[in-house]
Amino acid sequence: MVCFIGRSNVGKSSLIKALFSLAPEVEVRVSKKPGHTKKMNFFKVGKHFTVVDMPGYGYKAPEDFVDMVETYLKERRNLKRTFLLVDSVVGIQKTDNIAIEMCEEFALPYVIVLTKIDKCSKGHLLKQVLQIQKFVNRKTQGCFPQLFPVSAVTFSGIHLLRCFIASVTGNLD
Ligand code: GDP
């Protein structure tokens, strides 16, 4: 099992769709309004693993987030990785920091994914990557030392992230 968390509008549903739309049994709805994903959605990817789409945090759903997500993340034993999405245009925001602290506190193995990289210039992206990389190296314990920059529009980075997910869920053996 892997789960995806991120601020509302960070591009979570689009990313899940880009990653798993090849699996015909996965149906992913992309929300039109920010904060639309209120409940946890579970998707089975074939018989291989389950993807959990968490409600977006920040914006309108802080309570939902604390109640459902924290309880879920704290207790889940078969959760292989948590993918924490950060918008590459704006970088790590206050609410992202809260989610990072939560992952650290629960000692979850997590990975930072930079979304919407098609929206930034190469220079801006490089600046964000270096800055976040430095933060990850200095301030985190449970975060995977490699960032995954992706775009759900151009599919840049999607293949690598798919391979990584296959690997952490034991589907490359
Ligand atoms: P969620 O609230 O985190 O599930 O975000 P959505 O997947 O619904 O996306 C929020 C908005 O960002 C939508 O208007 C998407 O079309 C847009 N979006 C999502 N991913 C990308 C991306 O990789 N590139 C660009 N340019 N826009 C994106």
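Each ligand, and each atom within it, is numbered from 1 in the order the structure gives.
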Side-chain (E104) to main-chain (Q141) donor-acceptor, under 3.5 angstrom: yes

Please say whether S14 places an N or O atom under 3.5 Å from an N or O atom belonging to ligand 1. yes

I117-ligand 1 polar pair, N/O distance under 3.5 Å: no

Rest of the hydrophobic cluster containing V89 (Ile/Leu/Val/Met/Phe/Trp/Tyr, side-chain heavy atoms under 4.5 Å)? V90

Would the distance check show the side chain of S151 and the main-chain N or O of S156 forming a donor-acceptor pair, the cut-off being under 3.5 Å? no

So is D118 polar-close to ligand 1, meaning N/O to N/O under 3.5 Å? yes

A student comparing S156, S13, A152, S8 should find that the heavy atom closest to atom 4 (O) of ligand 1 comes from S13

Would you check whether V10 has a nitrogen or oxygen atom less than 3.5 angstrom from a nitrogen or oxygen atom of ligand 1? yes

Checking R81 side chain against T169 main chain: does a donor-acceptor pair fall under 3.5 Å? no

With a cut-off of 3.5 Å and sequence neighbours excluded, list every side-chain donor-acceptor pair involving residues 130-139.
residue, atom, partner, partner atom, Å
Q133, NE2, P145, O, 2.5
N137, ND2, Q133, O, 3.3

For the residue pair F164 and F148, does the interplanar ring angle fall in the parallel (under 30°), tilted (30 to 60°) or perpendicular (over 60°) class? tilted

Has S151 got any heavy atom lying under 4.0 angstrom from an atom of ligand 1? yes

Does any N/O atom on G11 come nearer than 3.5 Å to any N/O atom on ligand 1? yes

Note: K12, heavy atoms under 4.0 Å from ligand 1, region reported as both

Within 4.0 Å of some non-hydrogen atom of K119, the atoms of ligand 1 are 25 (C), 26 (N)

Determine whether C143 and I100 make a side-chain contact, defined as any pair of heavy atoms from C-beta on separated by less than 4.5 Å. no

